[in-house]
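Down below is the structure, laid out as structure tokens.
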Amino acid sequence: MERTLVIGDIHGGLRAVHQLFQRAAISKNDQLIFLGDYVDGWSESPDVLDFLIDLNTTHQCLFIRGNHDDLLREWLLGKDNELWFQHGGESTIKAYETVSADRKAKHIAFLTSLKNYHIDNENRLFTHAGFTNLHGITHEHYPRLAFWDRTLWELAVATDKTIPVESLLYPKRLSLYKEVYIGHTPVTKIGETIPTQMACVWNVDTGAAFKGCLSALDIQTKQFWQSDPLPQLYPDELGRNK
């Protein structure tokens, strides 16, 4: 039976990806939606991109653009960004020291091909971060907010759960889609360790860049699978724990 699985922020942790695939028993019958931030943090960012590029030839994949993916694309095209270097880019730059020009070109093509969002036939939105426009992500004036915004998740967390969706007081952004699936802001910031729902928003970033796990969530059953915490898989590295 085909599943649709959403996979949270990887941040260069290929070992976690392999472990997650085994634990979730992912097959070619599953549709895989990756929510972005494939790079920055742990030491295997180029290898993660190679894995995803190859995976796309054998599995049903949809790749969403994360802010770190866009920052890497810009760096590979020659743009320096000190802020990126301080927030995970350092490990990625080191990892690319031995990457050939041909391999870099494939990564640039992959990073350029990423989608800012996907809306399925049941009005479920998949994006890395969020949107701000009250008419939805397709009306967003600043498309980059799809992979930078944090206000949608903050709104979902702060919304009074006793207010019915039909109420005029209910936030309009949270009533536009059947469900919204995001990463970007680790749920560990609110003391959670598993994929977490707030209002219609499901956050699948379980802190893999830091001390958490990598997670995959079945959007139909809401069953989820997790890798070991990334510091256990990379005991000689800090990830983004700096």
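Reckoned from all heavy atoms, side chains included, excluding hydrogens, waters and symmetry mates. Since we're looking at a predicted model, the values are computed, not measured.
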Answer yes or no: is there a donor N or O on one side and an acceptor on the other, between the side chain of Arg73 and the main chain of Ile108, under 3.5 Å? no
If hydrophobic clusters are built by linking Ile, Leu, Val, Met, Phe, Trp and Tyr wherever their side-chain heavy atoms come under 4.5 Å apart, do Ile219 and Ile64 end up in the same one? yes
If only atom types and distance count, is the side chain of Glu44 paired as donor or acceptor with the main-chain N or O of Pro46 below 3.5 Å? no
Test: Asp37 and Arg65 ion pair at under 4.0 Å: no
Cation-pi check, Arg124 onto Tyr177 ring (under 6.0 Å, within 45° of axis): no
Trp84 vs Leu72 side-chain heavy atoms within contact, under 4.5 Å: yes
Do Leu55 and Phe21 come within less than 4.5 Å of each other through their side chains, counting heavy atoms only? yes
Tell me if the centroids of the rings in His107 and Tyr96 come within less than 6.0 Å of each other. yes
CZ-CZ distance between Phe63 and Phe110, expressed to the nearest 0.5 angstrom: 4.5 Å
So does Lys222 have more than 12 non-hydrogen atoms from other groups sitting under 6.0 Å from NZ? yes
Distance (rounded to the nearest 0.5 Å) between Leu111 CG and Leu49 CG: 5.5 Å
Do Thr206 side-chain atoms and Gly8 backbone N/O form a donor-acceptor pair below 3.5 Å? no
His68-Tyr38 aromatic ring centre distance below 6.0 Å: no
With rounding to the nearest 0.5 Å, note down the distance linking CD1 in Ile182 to CH2 in Trp153. 6.0 Å
Would a 4.5 Å heavy-atom cut-off, applied to side chains only, mark Thr92 and Trp75 as touching? no
Side-chain (Glu140) to main-chain (Thr132) donor-acceptor, under 3.5 angstrom: yes
Does any part of the side chain of Thr4, heavy atoms only, come nearer than 4.5 Å to the side chain of Ile33, both counted from C-beta? yes
Quick one: pull up CG in Leu14 and CG in Leu20 and give me the separation to the nearest 0.5 Å. 11.5 Å
Lys/Arg-Asp/Glu bridge criterion (N-O < 4.0 Å) met for Arg144, Asp70: yes
Quick one: NE2 on His128 to OG1 on Thr185, what's the gap to the nearest 0.5 Å? 7.5 Å
Checking the side chain of Asp30 only, and the main-chain atoms of Arg3 only, is there a donor and an acceptor separated by less than 3.5 Å? yes
Check: Ser91 side chain, Gly41 main-chain N or O, donor-acceptor pair, under 3.5 Å: yes
CG-CG distance between Asp69 and Leu52, expressed to the nearest 0.5 angstrom: 9.0 Å
Is there a donor-acceptor pair closer than 3.5 Å between any side-chain N or O of Ser167 and the backbone N or O of Ile163? no
Looking only at atom types and distance, does a side-chain atom of Asp218 sit under 3.5 Å from a main-chain N or O of Leu5, one as donor and one as acceptor? no
For Lys211, is the NZ atom crowded, meaning more than 12 foreign heavy atoms sit under 6.0 Å from it? no
May I ask you to decide whether Asp40 forms a salt bridge with Arg240, counting only side-chain N to carboxylate O separations under 4.0 Å? no
Does a salt bridge link Asp47 with Arg103, judged by any charged N lying under 4.0 Å from a carboxylate O? yes
